[in-house]
Every structure is written in structure tokens, then in C-alpha cells.
K.L.:
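Next up is a structure, given as C-alpha cells.
Every value quoted in this text rests on a predicted model; they were computed, and no experiment measured them. Proteins come first, then strands; the chains are lettered A, B, ... in the order of their sequence lines, and each starts at number 1.
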Amino acid sequence: MFAMAWIREHPDAFDAGLARRGLAPQAATVLGLDARRRKCLTDLQAAQTERNAASREIGMRKAAGDDAAELIQRVGSLKQAIPELQERADRLGAELREQLAELPNLPADEVPDGPDERANRELRRWGELPAFAFEPRDHVALGEALRLMDFQRSARMSGARFVILSGALARLERALATFMMDLQTEEHGYQEVSPPTLVREAALYGTGQLPKFADDLFHTTDGRWLIPTAEVPLTNLVADEIQDGAVLPLRYTALTPCYRAEAGAGGRDNRGMIRMHQFSKVELVSVTRPEESEAELEQMTRCAEAVLQRLGLAYRVVLLSSGDMGFAARQTYDLEVWLPGQQAFREISSCSNCGDFQARRMNARFRCPESGELRFVHTLNGSGVAAGRLLIAVMENYQEADGSITIPAALRPYLGGLDRIAAASD
RNA sequence: GGAUGGGUGGCUGAGUGGUCGAAAGCACCGGUCUUGAAAACCGGCGAUUCCGCAAGGAAUCCGGGGGUUCGAAUCCCUCCCCAUCCGCCA
């Protein structure tokens with residue numbers, strides 16, 4: 001959400017930013033609406049001033065025992081004008097708000113321009129791509145051969161884009177989740193939170209999923225919504241609050257299931273558990289002072305990278321282009337892990353600085369200790385990381401010729417010392 | 001699901017239809033006192049928006065919306081939210 005005052009002062013920068021997102025200029029129409037609304041407000045306020053003065057006069061005359069009939073009649077004529085002006089001002093204000101609520105955040109200066117992911121910029125790589133003496137299989141082949149990954153029965157009970165893990169694979173997913181949570185809380189200073197995964201509409205509006213992306217979400221018969229990411233509850237922790245500036249930055253992490261309708265996915269990633277309606281993910285959220293958010297994004301990205309490094313998984317860091325970024329983000333780094341089964345880097349984490357975009361929508365502010373004024377916080381979110389995709393990465397990168405899977409050393413304490421998942425013996 | 005009670009400033013909490021944006025306390029900021037600190041005392045201290053170069057002025061806001069009235073935190077209607085008790089339940 002944008003501040004009208006900023007658009008008024010920087011209409012060209014506003015349109016230029018939207019253009020980088022591939023959107024048509026809006027400044028002219030928005031400013032036109034704004035001007036009409038303010039003219040209306042000025043008229044309304046003048047009428048209200050007159051009414052207030054007259055009403056006060058009536059009160060004084062009545063108190064003094066004088067006749068006020070003439071004044072009451074004069075005020076009566078305002079009674080028609082005021083509600084009309086009020087209604088018009090409200091309508092224009094609502095129209096303006098609706099238009100602004102649909103506009104995405106503007107890209108930061110360092111974000112490369114481009115229409116889609118082809119314009120993303122690779123920043124760095126970490127780790128060696130694994131070399132196999134055999135043809136590596138993908139996680140579906142591996143998991144089904146182990147008989148620990150079942151897409152038939154999940155389809156029967158829930159439909160497409162669900163999976164059933166069992167035995168050692170189910171435990172491996174749980175171990176990965178616990179490993180990540182321990183890393184983010186004990187070593188990176190994030191506070192563990194166990195939040196609701198059903199939320200009100202207002203929470204999703206605050207983080208920017210609504211009103212525009214309702215099709216990507218599941219909602220319940222009682223009007224609540226399943227979270228598509230723990231970014232929603234974690235960021236909304238500070239909604240409608242005023243933080244003491246001294247407590248910032250706040251850093252939260254949560255392990256939750258995430259639910260996505262994948263309405264626009266079409267036939268993409270139909271095979272395997274890359275793109276599920278339900279998956280579990282460790283999420284990181286930071287709430288910072290405005291001047292701290294850029295550095296916080298770098299740090300948060302390192303916190304996500306640490307997961308892959310500890311597990312010895314090769315990955316690359318990509319700076320998303322203006323056309324590939326999410327709605328609320330002003331700058332995003334994706335972590336893409338190497339998947340031997342696809343011979344490709346695939347997204348496993350996405351870390352974004354949202355600036356004050358979400359804070360404005362959810363009215364999340366802090367009291368600046370130096371100046372005493374109220375300011376909007378900055379919010380950041382990142383996966384730290386997606387557990388389902390991490391499971392895939394471990395399986396595919398640590399597979400052996402016989403279909404067994406070696407457990408990375410860092411994970412063994414979380415699996416009771418288990419060092420490999422043995423191939424099925426038949 | 002049933003029954004009550006509530007939603008007022010950063011927090012707690014008063015409020016008779018008419019200078020109520022709102023008492024009081026706490027918190028916070030400034031000052032006096034003190035070697036320093038604390039205490040005490042004095043003073044200050046809401047948000048948003050509009051007009052204005054500024055000084056400043058104005059409007060709105062007591063959960064949201066509507067109504068009654070010359071005038072609503074206060075009366076009426078409605079919706080939302082919260083709490084407590086009972087029932088059910090992991």
C-alpha cells in the first residue's frame with residue numbers, strides 16, 4: 001500500500017516503478033481521484049465548521065434562556081449538504097483505497113528489470129554439484145522404490161498434489177524440520193512461534209495476499225482462510241500495534257503446514273512433490289526499523305543458506321527481476337537447490353524485504369526513540385526453508401546406486417543416529 | 001451450540017445529550033530539589049486527515065456501519081470482535 005502523499009510528490013517515480021513491474025501508469029488516475037476527494041473533503045469540512053459553530057451558539061443561547069429557533073432553522077439547511085458531501089468523500093476514498101490495494105510494491109533500485117525469471121540475476125553459487133557413477137533418479141522413483149512415498153493413495157483420499165510419506169521418509173521430513181528450527185532459534189536468534197494456520201481476511205490483506213490473490217488460497221465455510229505461508233501469522237503478530245523502538249528488530253520463526261490452491265499452476269510440476277496443495281515449511285520473519293531492513297535481508301538470506309550448507313547441498317542465490325517478484329516485495333533473493341533428478345536448480349527458499357508495504361496495510365508502527373514520532377516498521381520474510389522440497393533435495397543428492405539414501409551427518413542426531421535409508425529388500 | 005458481560009488515549013480506567021479529544025492514575029519527556037540516583041514537587045504529553053510557503057487554522061476519530069437530534073462517547077438499530085460460565089470435544 002502506498003502513501004498518497006508520496007505519490008503526489010513523486011508521480012513519475014511511481015509510474016516508473018509500476019512500469020518495471022509491467023504495469024500501466026496509474027499516477028494520473030490516482031491523483032485525479034485524490035484531488036476530487038480532497039476538494040470534497042474541504043467542502044465538507046467547511047460545512048461542518050459552520051454547523052459546529054451554530055450548534056455551539058444554540059447551546060449558549062438556550063443556556064442563557066434566549067430564543068434559538070432562527071439558528072436551528074439555518075442549521076437545518078446544512079443537514080442536507082453534509083451527508084451528501086460525506087457520502088461522496090467516503091465513496092471517493094474507498095475507490096482510491098481499492099485501487100491502491102491492488103498495486104504491488106515497487107522494486108528497489110538494485111532489482112534488475114525484466115518481464116519474468118529470465119531476467120533474474122545469479123549472484124553466487126555454493127557447493128559442488130554431485131557426480132554420480134550411475135544415472136541419478138528423481139525423488140518419485142526413489143521414494144516409490146523405497147515404498148515410503150505414495151501418490152496413489154493420497155490421490156484417492158485427497159486428490160492431485162498431495163503425497164503420503166511413511167516410515168523413514170516421514171521421519172526424515174520431521175527430522176529436517178526440527179533440524180531447521182533448532183538452527184534458526186539456537187544459532188540465528190529467531191524466536192520460535194506456534195501460530196494459528198487459519199486466519200481472518202484482515203490478516204491476509206495485511207500481508208498482501210488479499211484482495212488480489214484469493215484464487216490461490218483455500219477458505220473455510222466459516223469465512224476463515226488457510227495460510228499459504230507462516231509469513232501471514234508471523235508478520236501479523238505486529239499488526240495494529242505500536243512497538244517500542246528499542247525492541248526492534250523482532251525475529252520470528254515458525255514451522256507450519258502451508259496450503260496453496262495452485263490455481264494458476266496449470267500443468268506445471270505435476271510429477272512428484274515439488275508443487276503440493278499442502279507442504280510444511282520453516283518460515284523466518286523480521287520486523288525492523290526502516291534503516292535496518294536492507295542489511296536484515298542479507299542476514300536473513302544467510303540464515304536460509306546455512307540450512308543448505310549444513311546439509312552439503314549445492315545451491316545458487318538469485319536476485320529476482322522486477323517481473324518475477326511477489327506482490328509485497330521490494331527486493332527478493334531466491335535460493336535454488338540443485339536437484340539431480342531434474343538436472344536443474346529449483347527454488348527452495350525465497351527471502352524478501354517488503355519495506356513498509358505490509359506495515360502500512362496492517363498499520364504496524366514503532367515509536368522512534370530518538371524523535372518520539374510514530375513510523376511504520378519494515379517487514380521481511382523468508383523460507384528457512386521449505387521442508388518438502390528439502391526432503392526432495394536430500395533424497396536426490398544423497399542417493400546411492402542401489403536406491404538407498406545416505407543421511408547427511410548434520411541430520412543423524414535427529415534420526416537416532418541413522419546413517420542411511422536402506423533400499424527395499426525384494 | 002446455549003447464557004451472560006464487555007469493546008474509551010501507549011497501558012489501566014472515569015464519563016449527567018451541549019466548550020469532552022475526553023477525568024484520574026501509570027508510563028514517557030522536560031524542569032526544580034540532590035554530590036549522583038531515587039522519592040517528592042512543577043510543567044508537558046493522542047492519532048489521522050484537510051487547508052496553508054510558514055506561523056497557524058480546521059475536520060474527523062471513544063470497535064465498524066446506520067439512525068434520532070440544532071448537537072451523540074452518552075439514546076436507538078445492526079454488524080464485528082473479545083471475555084466469562086455451561087454443554088460438546090483433541
Side-chain angles (χ1 to χ4, degrees), chain A residues 1-9 30-98 100-101 194 196-206 210-211 219-225 233 236-248 250 256-257 287 289 356 359-377:
Chain A
M1 185 67 86
F2 299 98
M4 259 329 295
W6 184 86
I7 300 176
R8 255 177 248 141
E9 287 162 31
V30 165
L31 288 178
L33 253 181
D34 177 55
R36 282 199 288 152
R37 174 176 161 271
R38 285 194 293 161
K39 171 71 170 71
C40 193
L41 267 184
T42 309
D43 294 347
L44 170 65
Q45 291 184 3
Q48 286 170 322
T49 305
E50 195 179 334
R51 180 204 60 193
N52 290 350
S55 290
R56 210 167 308 148
E57 178 72 16
I58 290 168
M60 290 192 318
R61 285 203 197 175
K62 284 199 166 176
D66 294 342
D67 176 46
E70 171 206 342
L71 262 177
I72 290 176
Q73 192 178 3
R74 209 182 77 202
V75 171
S77 66
L78 286 169
K79 287 198 58 175
Q80 195 172 352
I82 289 179
E84 277 172 12
L85 286 165
Q86 181 85 60
E87 199 200 332
R88 231 180 95 216
D90 288 349
R91 208 180 52 240
L92 288 167
E95 208 175 312
L96 194 55
R97 233 174 304 112
E98 281 162 28
L100 292 177
S194 176
T197 55
L198 281 171
V199 298
R200 294 186 212 287
E201 182 178 304
L204 286 155
Y205 179 87
L210 292 178
H219 68 273
T220 65
T221 51
D222 72 347
R224 279 177 246 270
W225 303 74
N236 273 281
L237 249 19
V238 297
D240 284 315
E241 286 191 5
I242 296 171
Q243 306 301 320
D244 181 343
V247 309
L248 301 178
L250 295 167
T256 68
V287 178
R289 297 171 57 134
D356 65 7
R360 286 181 183 282
R361 294 170 81 98
M362 64 175 72
N363 196 29
R365 297 174 293 174
F366 74 103
R367 177 81 63 184
C368 184
E370 291 80 22
S371 65
E373 63 182 348
L374 291 173
R375 304 181 61 188
F376 289 109
V377 297

K.L.:
Using the P atoms only, state how far B/rG67 lies from B/rU60, rounded to an integer number of Å.
P.N.:
16 Å
K.L.:
Rounding to an integer number of Å, can you tell me how far A/Glu201 CD sits from B/rC81 P?
P.N.:
12 Å
K.L.:
Inspect the surroundings of CZ in A/Arg88 and state if more than 12 heavy atoms from other residues, nucleotides or ligands are less than 6.0 Å away.
P.N.:
no
K.L.:
Do other residues, nucleotides or ligands put more than 12 heavy atoms under 6.0 Å from A/Glu201 CD?
P.N.:
no
K.L.:
In whole angstrom, what separates A/Asp43's CG from B/rU60's C1'?
P.N.:
16 Å
K.L.:
For side chain to side chain contact (heavy atoms under 4.5 Å, CB included), just list the numbers for A/Leu248 and A/Leu250, CA-CA rounded to whole Å, side-chain angles, deciding distance to a tenth of an Å, and then say yes or no.
P.N.:
CA-CA 5 Å; A/Leu248 301 178; A/Leu250 295 167; 4.0 Å; yes
K.L.:
Does B/rC81 have OP1 or OP2 sitting under 4.0 Å from an N or O in the side chain of A/Arg200?
P.N.:
yes
K.L.:
In whole Å, measure the gap between the C1' atoms of B/rG52 and B/rU68 for me.
P.N.:
37 Å
K.L.:
Is there a side chain to side chain contact (heavy atoms under 4.5 Å, CB included) between A/Leu31 and A/Arg8? Walk through the geometry before answering.
P.N.:
CA-CA 7 Å; A/Leu31 288 178; A/Arg8 255 177 248 141; 3.7 Å; yes
K.L.:
What interatomic distance, in whole Å, is found between P of B/rU74 and the corresponding atom of B/rG17?
P.N.:
11 Å
K.L.:
Rounded to whole angstrom units, what separation is found between the CD atom of A/Gln243 and the P atom of B/rG10?
P.N.:
13 Å
K.L.:
Name each donor-acceptor pair under 3.5 Å that joins a side chain in residues 40-47 of chain A to protein atoms two or more places apart or in another chain, with its distance.
P.N.:
residue : atom : partner : partner atom : Å
A/Thr42 : OG1  : A/Arg38 : O            : 2.7
A/Asp43 : OD1  : A/Lys39 : NZ           : 3.2
A/Asp43 : OD2  : A/Lys39 : NZ           : 2.8

K.L.:
Could you tell me the separation between the CG atom of A/Leu374 and the P atom of B/rG9, rounded to a whole number of Å?
P.N.:
14 Å
K.L.:
Distance check needed: B/rG71 P versus A/Gln48 CD, whole Å only.
P.N.:
12 Å
K.L.:
Dot-bracket for RNA chain B, 5' to 3', with Watson-Crick and G-U pairs under 3.5 Å, [ ] for crossing pairs and | for other-strand pairs: what is it?
P.N.:
((((((((.[[[..)..(.....]]].(((((.......))))).((((((....)))))).[[[[[..)....]]]]])))))))....
K.L.:
Starting from C1' on B/rU49, measure out to CG on A/Leu44 and report it in whole angstrom.
P.N.:
12 Å
K.L.:
If you assign each of A/Ile242 and A/Ala46 to its closest nucleotide in RNA chain B, which residue comes earlier from the 5' end?
P.N.:
A/Ile242
K.L.:
Can you tell me how far P in B/rU16 sits from the matching atom in B/rA73, rounded to whole Å?
P.N.:
13 Å
K.L.:
The criterion is salt bridge (charged side-chain N to carboxylate O under 4.0 Å, His left out); which residues satisfy it with A/Arg360, sequence neighbours excluded?
P.N.:
A/Asp356
K.L.:
What do the steps show when you test A/Val287 against A/Phe366 for side chain to side chain contact (heavy atoms under 4.5 Å, CB included), and what is the final call?
P.N.:
CA-CA 10 Å; A/Val287 178; A/Phe366 74 103; over 6 Å; no
K.L.:
For A/Pro211, check side-chain contact (heavy atoms from CB on, under 4.5 Å) against everything at least two apart and list the hits.
P.N.:
A/Ala101, A/Glu102, A/Tyr205, A/Arg361
K.L.:
From CZ of A/Arg360 over to P of B/rU49, roughly how many Å is that when rounded to an integer?
P.N.:
9 Å
K.L.:
Just wondering, more than 12 heavy atoms not from A/Glu87 lying within 6.0 Å of its CD?
P.N.:
no
K.L.:
Partners of A/Ser194 by side-chain contact (heavy atoms from CB on, under 4.5 Å), sequence neighbours excluded?
P.N.:
none
K.L.:
Could you work out the separation of B/rG7 and B/rA14 based on their P atoms and round it to a whole Å?
P.N.:
9 Å
K.L.:
Round to the nearest Å and state the distance from A/Asp90 atom CG to B/rA59 atom P.
P.N.:
18 Å
K.L.:
Say you pick atom P in B/rG15 and the same atom in B/rG9; how far apart are they, in whole Å?
P.N.:
16 Å
K.L.:
Would you measure the distance from the P atom in B/rC29 across to the matching atom in B/rG46 and give it in whole Å?
P.N.:
16 Å
K.L.:
Given the P atoms of B/rA90 and B/rC79, what is the spacing between them in whole Å?
P.N.:
33 Å
K.L.:
Any protein N or O atoms within reach of nucleotides 51-54 of chain B? Criterion: under 3.5 Å, listing atom names and distances.
P.N.:
residue : atom : partner : partner atom : Å
B/rC51  : OP1  : A/Arg38 : NH1          : 3.1
B/rC51  : OP2  : A/Arg38 : NH1          : 3.2

